[in-house]
Amino acid sequence: MALEKIFRDLVTGSALLGVIGLIAAVLLLFITRFLLPKKGERLLRVPAFFLFVHMGAMLLRLVVPEEASITVAIKFVSLLALLFAFGRLIGLLVLEVVLGRRMQRPVPAILRDIAQGVLYLFLLLGALRALGFDPGSILTTGAVVTAVIGLSLQETLGNLVAGLSIQMQRPFDVGDWIAFDNEKRHIGRVVEINWRATKVVTLDDVEVIVPNGMLAKAPIVNFTKPTKSSRRSVYISVAYEVPPRRVHEVILDALRDTPGVLTDPAPSVVTNNFAESGIEYWVRFWTDQFDKRDGVDGGVRDRIYYALHRANFTIPFPQRTVHLHQVSDETRAREDASSALKRESALGNVDILSVLDRSVLKRLATLATTRLFSPGETIVRQDDDADELYIIERGTVVVLLESAGKETSEVTRLGPGQFFGEMALVTGEKRQATVRAYTECELMVIGHEPFHDVLSASPNLVKELSRVLAERQTMLDEHAESMPMSDREREVNVKSLQFIDRIKHFFQL
Ligand code: CMP
């Protein structure tokens, strides 16, 4: 056994051999550091520690006399530490550098641990033999010792075998989202599978360490397989008076471009139950953001709430809550008058409407309605047909331009007292841009008819409006990079005149 002879020479040999070994190991440490990927540098802590132990033992040898009985033990520790350092460094080179590069991803922790463990055991047994001990005889000295070791290793070995079977069968990989019991707080992302346990980080950012043996017996739900997307469900009730088809339409429309909700597979709605207080709807949608699923569910509920609110559909209270709400005609009239007054004052803040008489504003306020939008909701979509104009009472909106083949770009933001949606309304063309709520917004909506009445009553308004339209159109053209800045003023004037004609023609003024 050549290896055994080398070990024996090292144990009995001079300190010179120890120094040569140390220098060789330090060289290997630097080579490994150079070859390891940047993140792997912390893996060098263990071999560095072994080298320190080796150095400490060699220094001890300087002060302890050669013939002292402890000298053999010191030599043994010194040799073992040096061998372990070599073993670890060679292991790192083979597993992390050679195999890691070939596999294009980090070597599984479990493979690394087992290979390392076997190597350490092999080196320990070799070193023991070199000292004249027969490791086999140590293990078999007493049946009791063997039994105790066997029993205590039972669980560890079980975990090891289970860990290996996880690696082979791959019910989940590192990075997958899994549930391994019925506790919701245990759902988490797998961050490591080692020889003893699997580490999972839950949504609360808490690390849960699950012994592999336990995972082998548990029914595992993998949310990341077969695809990264998984279906989510939200339940919502709407009053019996509203026909289910209408509710389906409003909900599906509300889910368009809700953050985190995939369009393919498309969301769907099922009329789920005729419940005590209303009809229950089961809203199903897919998301590929499993880590943000609670937020995505919440966003979906928000969108549905706002959409139902705008459509005047009631989300019923549980029937157990006695909700007595009697509204007399008189009270209703008072409420309507108060919201019309609020709208009238908001109309007073719109610059271009200052040309209108107080009586016209009052009439407009009674004919308009108010709608609520949540942040991120699309209010008007580019290229859609249009018959409404919006005046911002509260909140901020973003105007976005989608040019063919280009990213959507922000044109501008509008706030209280400003308006949008006029371009398509007064020209009869499609919407020129998409407008989205940036914050929660309360918007006054004016339909085609009332607006027509106001325009016919005020030629000045047509002029003012044409100016705004021309400026906005010019800005859109600039944004689409179709016009140099220098031509701006001339362009606005020309467009303004054209718009006057177009508005008059469209509204037959
Ligand atoms: P409309 O085309 O009906 O729908 C999109 C709306 O975005 C448009 O009317 C304008 O009200 C608004 N809009 C487009 N461009 C601008 C701009 N440059 N500045 C402000 N609002 C704009």
Side-chain angles (χ1 to χ4, degrees), residues 253 256-257 310 346-347 349-353 364 368-371 373 375-404 406-439 441-452 454-455 461-485 487-496 498-507:
D253 194 48
R256 285 171 71 181
D257 53 49
R310 286 196 293 276
L347 286 172
N349 293 331
V350 182
D351 268 357
I352 64 158
L353 298 185
L364 204 54
T369 50
T370 303
R371 279 187 210 156
F373 286 84
E377 271 193 284
T378 302
I379 305 159
V380 303
R381 209 169 257 118
Q382 191 171 326
D383 295 330
D384 274 1
D385 289 325
D387 58 357
E388 282 166 344
L389 161 81
Y390 298 81
I391 294 172
I392 305 171
E393 288 187 55
R394 181 168 64 83
T396 308
V397 301
V398 221
V399 180
L400 302 160
L401 186 66
E402 295 164 33
S403 334
K406 282 197 195 160
E407 291 269 298
T408 303
S409 64
E410 180 176 327
V411 180
T412 187
R413 289 183 187 193
L414 305 172
Q418 291 180 293
F419 57 90
F420 61 90
E422 77 296 340
M423 292 176 112
L425 184 69
V426 298
T427 57
E429 288 173 2
K430 307 268 183 201
R431 296 282 191 204
Q432 297 289 309
T434 292
V435 182
R436 198 166 282 163
Y438 186 68
T439 60
C441 291
E442 230 174 271
L443 306 176
M444 192 187 317
V445 189
I446 300 173
H448 182 275
E449 286 305 315
F451 199 60
H452 175 254
V454 172
L455 280 184
L461 182 58
V462 176
K463 237 198 257 163
E464 292 283 336
L465 196 60
S466 301
R467 181 85 202 163
V468 174
L469 279 169
E471 283 196 358
R472 289 186 169 179
Q473 185 64 61
T474 312
M475 201 163 153
L476 284 180
D477 291 347
E478 272 166 14
H479 221 79
E481 287 171 341
S482 60
M483 191 183 51
M485 276 297 269
D487 298 342
R488 194 172 199 285
E489 195 51 34
R490 194 168 39 85
E491 188 69 25
V492 170
N493 288 334
V494 175
K495 280 200 177 109
S496 184
Q498 288 168 351
F499 271 120
I500 294 182
D501 288 343
R502 279 165 72 185
I503 295 173
K504 283 188 172 159
H505 178 254
F506 182 62
F507 281 94

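Any value given below was found using the heavy atoms of this structure, including those in side chains, with hydrogens, waters and symmetry copies removed. Start at 1 and go down the list; that is how both ligands and their atoms are numbered.
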**Prompt:** Charged N to carboxylate O below 4.0 Å: is that the case for Asp385 and Lys430?
**Reply:**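 The answer is yes: the pair qualifies as a salt bridge.
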**Item:** Salt-bridge criterion met for Arg371 and Glu388 (N-O under 4.0 Å)
**Value:**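 Judged by the 4.0 Å cut-off on N to carboxylate O distance, Arg371 and Glu388 do form a salt bridge.
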**Request:** Mind checking salt bridge (Lys or Arg N to Asp or Glu O under 4.0 Å) for Arg381 and listing every partner two or more places apart, or none if nothing turns up?
**Result:**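 With neighbours one apart ignored, the set is Asp257.
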Write 'none' if nothing qualifies; otherwise put on separate lines each N/O atom of ligand 1 with a protein N/O atom under 3.5 Å away and their distance to 0.1 Å.
{"unit_1": "ligand 1", "atom_1": "2 (O)", "unit_2": "Gln432", "atom_2": "N", "d": "2.7"}
{"unit_1": "ligand 1", "atom_1": "3 (O)", "unit_2": "Gly421", "atom_2": "O", "d": "3.2"}
{"unit_1": "ligand 1", "atom_1": "3 (O)", "unit_2": "Ala424", "atom_2": "N", "d": "2.9"}
{"unit_1": "ligand 1", "atom_1": "3 (O)", "unit_2": "Arg431", "atom_2": "NH1", "d": "2.7"}
{"unit_1": "ligand 1", "atom_1": "9 (O)", "unit_2": "Gly421", "atom_2": "N", "d": "3.4"}
{"unit_1": "ligand 1", "atom_1": "9 (O)", "unit_2": "Met423", "atom_2": "N", "d": "3.4"}
{"unit_1": "ligand 1", "atom_1": "11 (O)", "unit_2": "Gly421", "atom_2": "N", "d": "2.7"}
{"unit_1": "ligand 1", "atom_1": "11 (O)", "unit_2": "Glu422", "atom_2": "OE1", "d": "2.6"}
{"unit_1": "ligand 1", "atom_1": "11 (O)", "unit_2": "Glu422", "atom_2": "OE2", "d": "3.2"}
{"unit_1": "ligand 1", "atom_1": "11 (O)", "unit_2": "Arg472", "atom_2": "NH1", "d": "3.3"}
{"unit_1": "ligand 1", "atom_1": "21 (N)", "unit_2": "Arg472", "atom_2": "NE", "d": "3.3"}

**Prompt:** When you look at Thr370 and Leu443, which way does the side chain to side chain contact (heavy atoms under 4.5 Å, CB included) test go after all the steps?
**Reply:** CA-CA 6 Å; Thr370 303; Leu443 306 176; over 6 Å; no
**Message:** Taking the cut-offs as 6.0 angstrom to the six-membered ring centre and 45 degrees off its axis, would you call Arg472 and Phe419 a cation-pi pair?
**Reply:**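 Judged by the rule (NZ or CZ under 6.0 Å from the ring centre, within 45° of its axis), Arg472 counts as positioned above Phe419.
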**Asked** Does a donor on one side chain sit under 3.5 Å from an acceptor on the other, for Thr396 and Arg413?
**Response** no
